[in-house]
Amino acid sequence: MYKFLALTSLIGLLFTHAGCDRVKKIVATDEVVVPEVAHTVKIGFLASGSRVTYPNGAAIAVSEINAKGGLLGTSVELVTEIGILTPDAAVEAASRMILSDSIIALIGPNRSAHAIPVGALVHEHNLPMITTTATNPALTNAGDFVFMAAFTDAYQGYVMARFAAVELGLTSVAILTQSGEIYSEGISEFFVANFTNAGGTIVASEFYEIGDTDFTEQLNTIATTLPEALFIAGWVQEVARVTQQARALPLLNAVGEPTLLLGTDTWDNPILLDDEDSEIEGSFFSGHFSAATDKPSGKAFVEAY
């Protein structure tokens, strides 16, 4: 639902940048005066990584807005680019949308490492931008044109730490973080700070590099501490391998039971959840939205989707 809200919440910003050439003109006929839309309002949508369903919610919003007459009588066109793999590629895609497609607003990217440099770019062009699931608090530091639809990692780290300490009653947790990744390092720091403030102990903190496939060394080091839980802050491709190798080791707590696995919002991805070999049954992770919501707006979105 946050993708829908991110698009519809731009309504108040759009026509500051639309320009007078996009106003509605009236075509006179013999029988009736018929309004005719002269131009479309173009909004960019960037989606990083292999999860390409992100723009679907925005497409629903566009169809609903246009069915009601558009924005101030002007139809909306979504300019989409998906599968973006690097921050540089995200900036290049955003630049093309701004300079070639003449977008007047941008939604996304969904990764913090991509959204931060894109935010700096849109600020230079005085273009409003709302990220979808990018969560690092530094995102809005780019300036007054950059907004976030999702919760921040400060909040997410607090919720997961409090859940671990209070709801699960855990006292010892190990951390596995992707080195040099602003999202992964940021959420780990927030979790650690809040878990220790709640009286818990971080018994191990290990790092891995993006693209790693063998986590044996890190897991063996963690195993010596017999942690009650392992908090894994990373992307789903690496997470699935970590969880498989942790269970194969096996990674155990002090009483010989399997160490509990804890994750973040990146886990909410079919690549991981539908992988029967990922060994995540019984784990916990934070997320932005549940299709089981009872809220009318959420139920309406699920039905439309």
With sequence neighbours left out, what residues match E238 under salt bridge (Lys or Arg N to Asp or Glu O under 4.0 Å)?
none

Residues which pass ring-ring contact (aromatic ring centres under 6.0 Å, His included) with [X], listed by chain and number, not counting sequence neighbours:
X	answer
F190	none
F207	none
F163	F284
Y158	none

Option among D265, L273, I271 that satisfies the side-chain contact (heavy atoms from CB on, under 4.5 Å) test with N269
I271

Quick one: which of I175, T201, I202 gives a side-chain contact (heavy atoms from CB on, under 4.5 Å) with F195?
I202

R162 atom CZ, neighbour heavy-atom count above 12 within 6.0 Å:
no

[X] side chain to [Y] backbone, donor-acceptor under 3.5 Å:
X	Y	result
T196	V192	yes
D212	Y208	no
T225	I222	yes
Q244	V239	no
D101	I103	no
T221	E217	yes
S184	A233	yes
T40	K42	no
T266	G234	yes
S95	E92	no

Between D88 and T86, does a side-chain hydrogen bond (donor to acceptor under 3.5 Å, both in side chains) hold up when you go through it step by step?
CA-CA 5 Å; D88 287 345; T86 67; 5.5 Å; no

Do you know which two heavy atoms are closest between [X] and [Y], and how far apart they sit?
X	Y	answer
R111	G49	NH2-CA, 3.7 Å
T80	M97	C-CE, 4.0 Å
I98	H125	CG2-ND1, 3.8 Å
A94	L106	CB-CD2, 4.3 Å
Y305	G57	CE1-N, 4.3 Å
A59	L78	N-CD2, 4.0 Å

Set of side-chain contact (heavy atoms from CB on, under 4.5 Å) partners for N66, sequence neighbours left out
V62, S75, V76

What residues, two or more places apart in sequence or in another chain, satisfy side-chain contact (heavy atoms from CB on, under 4.5 Å) together with A193?
none

T131 and N110: CA distance, side-chain angles, deciding distance, side-chain contact (heavy atoms from CB on, under 4.5 Å) verdict:
CA-CA 6 Å; T131 61; N110 48 292; over 6 Å; no

Tell me, with the steps shown, if E228 and T171 meet side-chain hydrogen bond (donor to acceptor under 3.5 Å, both in side chains).
CA-CA 7 Å; E228 294 173 303; T171 59; 3.0 Å; yes

Between side-chain atoms of residues 135-150 and protein atoms elsewhere (two or more places apart, or another chain), which donor-acceptor pairs fall under 3.5 Å?
from : atom 1 : to   : atom 2 : distance (Å)
T135 : OG1    : D153 : OD1    : 2.6
T135 : OG1    : D153 : OD2    : 3.2
N136 : OD1    : A138 : N      : 2.9

Distance from [X] atom [atom1] to [Y] atom [atom2], nearest 0.5 Å?
X	Y	atom1	atom2	value
S179	E206	OG	CD	11.5 Å
Q156	S286	CD	OG	3.5 Å
T216	L249	OG1	CG	7.5 Å
T264	I232	OG1	CD1	9.5 Å
L226	L251	CG	CG	8.5 Å

For V166, the rest of its hydrophobic cluster, which grows through side-chain links under 4.5 angstrom:
none

Apart from L252 itself, members of its ILVMFWY cluster (side-chain separation under 4.5 Å) are none

Hey, can you tell me if F191 and F231 have their rings parallel, tilted or perpendicular (30° and 60° cut-offs)?
parallel

Within residues 185-195 or reaching into it, pairs that qualify as side chain to side chain donor-acceptor pair (under 3.5 Å) - sequence neighbours excluded:
T177-S188

Side-chain donor-acceptor pair under 3.5 Å between E279 and T243, yes or no?
no

Residue pairs, two or more places apart or on separate chains, that pass salt bridge (charged side-chain N to carboxylate O under 4.0 Å, His left out) and touch residues 76-87
E81-R96

Transitively linked via ILVMFWY side-chain contacts under 4.5 Å: L272 with W235?
no

